[in-house]
Amino acid sequence: MDDNNLQDYELSGITPDHHLDLGDLPSGSNLFILLKNALDRLRQEQILEVQSSNPHIKGDLQSWCRLHQHTFMMALDAGNHYRYLIRKDRIHTTEQPDWGVKVPLRKGKHLDIRDWFEGRIGQVMEQAPAYIGFVPRGAVAETGIPDFRFPLNKKDHVWADNVLDLYEQAKENQWNATIDIPWDQLPELPEAMEWAVCQIMTFLAENEYSALYIPAKFMARIDPHYIEVLMYLSTLVQDESRHIEAFMKRALANGGGLQYSSTLTERSLHSLFIQEDYFKSSFLLHVLGEGTFLDLLNFIEEHAPDPVTAKIVNLAKIDEGRHVAYGIGHVRHILSRHPNMVQQLIEAAEERNEYLSEAGTGENTHLLEALAILSGGGRSPEQLKVGFARVKKLKEVMYDHRIQRMLQIGVDMSTAEKISQSHTPNFM
């Protein structure tokens with residue numbers, strides 16, 4: 001090196017911000033990997049000191065710096081090794097990771113999802129950057145990452161303020177349909193009652209197919225910047241698959257088997273499945289559909305003729321409560337920011353009602369008879385009379401509870417009544 005360069009280095013008073021010791025590593029791809037990574041970890045205009053015992057890398061370092069638009073500042077012959085100063089220039093936009101951010105523990109030694117909202121990982125943007133792809137929020141992305149084009153790429157598209165709590169609850173309340181149901185306690189039931197239970201289980205499983213497929217359909221459209229929503233929805237999908245398993249097992253366990261499906265039910269579920277707007281879908285499925293379904297599960301548990309049926313619907317009811325809570329939280333989050341979007345909810349409910357009306361189908365007669373047998377205690381005329389009266393009361397409760405959920409999401413009473421009246425008679 002020349003004397004002027006040595007003098008500049010010695011007298012400059014420069015203090016490098018980071019040191020990289022390359023030892024006797026020869027020029028080549030591995031050397032430049034280490035150099036690039038070391039510079040990535042620096043902020044703009046910080047200085048990296050590279051130490052090497054290899055006397056032949058100076059020219060390679062200078063060429064690499066020119067190519068990547070960093071500044072090769074100077075070099076120093078330190079006797080048994082060489083030192084090179086490289087400045088990371090402004091043109092590079094690599095961010096600095098959150099070094100040293102320690103996540104506090106919420107419960108003793110437990111670390112849950114709510115504890116990681118520290119530093120940059122906790123900065124949830126209103127719109128996800130197009131260049132992020134699958135880069136975890138809080139990590140540093142290189143330039144040149146392709147645009148994955150996730151259509152649900154805004155916070156308002158998917159977020160709910162309660163999603164972190166719901167995710168933790170979902171993990172804590174997982175159950176196993178094989179070992180957590182007292183199958184050995186299933187008694188022989190009268191033929192009419194067993195048929196009723198099997199018919200109801202058929203209906204429940206059928207509806208849960210839609211509740212599984214619809215969130216799964218949207219998951220691949222959600223930008224990973226909102227990973228917490230995806231993580232929660234993954235538990236929702238698991239919940240629904242477990243419900244299907246449990247309901248179908250109950251239909252088979254006593255020899256009754258799966259029973260009848262209706263055109264109304266399938267058309268109702270199809271109207272949910274073809275909805276491509278996530279806001280409307282979440283409202284129709286989680287708030288109206290699963291909200292009404294939750295009332296149905298309460299009714300079945302109240303009148304369950306055996307401990308196995310009661311246990312199944314009780315566990316499913318806990319899961320469904322979380323699903324409804326997400327829908328309410330999500331829709332409320334959006335309406336609090338965009339009150340005029342309530343009109344979309346009215347349109348969604350009316351469009352679905354119209355779609356069902358076009359088929360000219362009435363109610364699911366097999367389900368209504370089964371619910372009457374279940375709640376009346378049997379198939380005698382007197383029992384059916386009691387049962388149908390209780391089913392009528394159930395519909396009134398469902399109507400009132402839909403209104404309450406409408407009020408929870410922030411709509412006025414007249415709008416709540418209008419939407420509740422237009423809901424499908426399918427109970428989902």
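Computed from a prediction, not measured in an experiment: that's the story for all the values here.
- Checking side-chain atoms of Asp17 against main-chain N and O of Ile47 turns up a donor-acceptor pair under 3.5 Å.
- When only modelled atom types and interatomic distance are considered, Gln69 and Asp89 share no side-chain donor-acceptor pair under 3.5 Å.
- For His270 and Tyr355, the ring centers sit closer than 6.0 Å to each other.
- Within a 6.0 Å radius of OH in Tyr260, other residues, nucleotides and ligands contribute 12 heavy atoms or fewer.
- Two rings, from Tyr213 and Phe218, have their centers 6.0 Å or more apart.
- In terms of the salt bridge (charged side-chain N to carboxylate O under 4.0 Å, His left out) criterion, Lys155 has no residue partners (sequence neighbours excluded).
- From Glu49, atom CD reaches atom NE2 of His19 across 5.0 Å, with rounding to the nearest 0.5 Å.
- Annotation: Gln404, atom CD; neighbour count of heavy atoms from other residues, nucleotides and ligands within 6.0 Å is above 12.
- Closest of all the heavy-atom pairs between Ala416 and Leu407 is CB-CD2, 4.4 Å.
- A salt bridge does not link Glu168 with Arg322: every distance from a Lys NZ or Arg NE/NH1/NH2 to an Asp or Glu carboxylate oxygen is 4.0 Å or more.
- Looking at Arg242 and Gln174, their side chains do bring a donor and an acceptor atom within 3.5 Å of each other.
- Side-chain contact annotation: Trp116 with Glu228, donor-acceptor N/O pair under 3.5 Å present.
- The residues Asp223 and Arg149 are annotated as not salt-bridged, no charged nitrogen and carboxylate oxygen being separated by less than 4.0 angstrom.
- Aromatic pair Phe283/His330: centroids not less than 6.0 angstrom apart.
- Using modelled atom types, one side-chain atom of Asn364 and one backbone atom of Leu367 make a donor-acceptor pair closer than 3.5 Å.
- Looking only at distances, a side-chain donor or acceptor of Asn162 sits under 3.5 Å from a matching main-chain atom of Ala325.
- Side-chain N or O atoms of Trp159 include none that pairs as donor or acceptor with a backbone N or O of Val229 at under 3.5 Å.
- In this view, His286 and Tyr326 satisfy the ring-ring contact (aromatic ring centres under 6.0 Å, His included) rule, not counting sequence neighbours.
- At a threshold of 4.5 Å between non-hydrogen side-chain atoms, the residues Val237 and Met219 count as touching.
- Taking all atoms of both residues into account, the shortest heavy-atom contact from Arg221 to Phe150 is O-CB, 3.6 Å.
- Atom CG in Asn176 sits 4.5 Å away from atom CD1 in Ile179 (nearest 0.5 Å).
- Inspection of the His225 and Gln127 side chains reveals no N or O donor paired with an N or O acceptor under 3.5 Å.
- Under the 3.5 Å distance criterion, with hydrogens and angles disregarded, no donor-acceptor pair is assigned to the side chains of Asp60 and Ser63.
- Aromatic ring orientation, Phe427 versus Phe203: perpendicular (interplanar angle above 60°, classes split at 30° and 60°).
- A salt bridge between Glu245 and Arg250 is absent, with no side-chain N of the basic residue lying under 4.0 Å from a carboxylate O of the acidic one.
- Note that CG of Leu164 is 11.0 Å distant from CD of Gln169, once rounded to the nearest 0.5 Å.
- A cation-pi arrangement is not found for Arg352 relative to Phe273, the charged atom failing to lie both closer than 6.0 Å to the ring centre and inside a 45° cone about the ring normal.
- No donor-acceptor pair under 3.5 Å is formed between the side chain of Asn207 and the backbone N or O of Leu204.
- Looking at heavy atoms from C-beta onward, Tyr278 lies out of side-chain contact with His157 at the 4.5 angstrom threshold.
- Closest heavy-atom contact between Leu20 and Ala38: CD2-CB, 4.1 Å.
- Listed for the Gln44 side chain is no donor-acceptor partner under 3.5 Å among the backbone atoms of Lys88.
- Residues passing the salt bridge (charged side-chain N to carboxylate O under 4.0 Å, His left out) test with Arg66: none are found, sequence neighbours excluded.
- A side-chain donor from one of Ser262 and Thr265 sits under 3.5 Å from a side-chain acceptor of the other.
- Between the side chain of Ser281 and the backbone N or O of Asp277 there is no donor-acceptor pair closer than 3.5 Å.
- In this structure, a donor-acceptor pair under 3.5 Å is present between the side chains of Asp306 and Thr309.
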Starting from the C-alpha separation in whole Å, work towards a yes-or-no answer on salt bridge (charged side-chain N to carboxylate O under 4.0 Å, His left out) for Lys154 and Asp156.
-> CA-CA 5 Å; Lys154 294 182 179 180; Asp156 281 353; over 6 Å; no
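- Aromatic rings of Phe148 and Phe134 (six-membered ring for Trp) have centroids within the 6.0 Å cut-off, being under it.
- Here the side chain of Arg332 pairs no donor or acceptor atom with the backbone of Ile409 at under 3.5 angstrom.
- Annotation: the span from Leu22 atom CG to Asn30 atom CG amounts to 10.5 Å, rounded to 0.5 Å.
- Taking 4.0 Å as the cut-off between side-chain N and carboxylate O, Glu45 and Arg87 do not count as a salt-bridged pair.
- With values rounded to the nearest 0.5 angstrom, Thr178 atom OG1 is found 3.0 Å from Lys249 atom NZ.
- Checking side-chain atoms of Tyr226 against main-chain N and O of Met125 turns up a donor-acceptor pair under 3.5 Å.
- In this structure, the separation between OG on Ser422 and CD on Glu350 is 6.0 Å, given to the nearest 0.5 Å.
- Between the side chain of Thr415 and the main chain of Val411, no donor-acceptor pair closer than 3.5 Å is present.
- When only modelled atom types and interatomic distance are considered, Lys58 and Ser52 share no side-chain donor-acceptor pair under 3.5 Å.
- For the 3.5 Å distance criterion, the side chains of His243 and Asp319 qualify, holding a donor opposite an acceptor.
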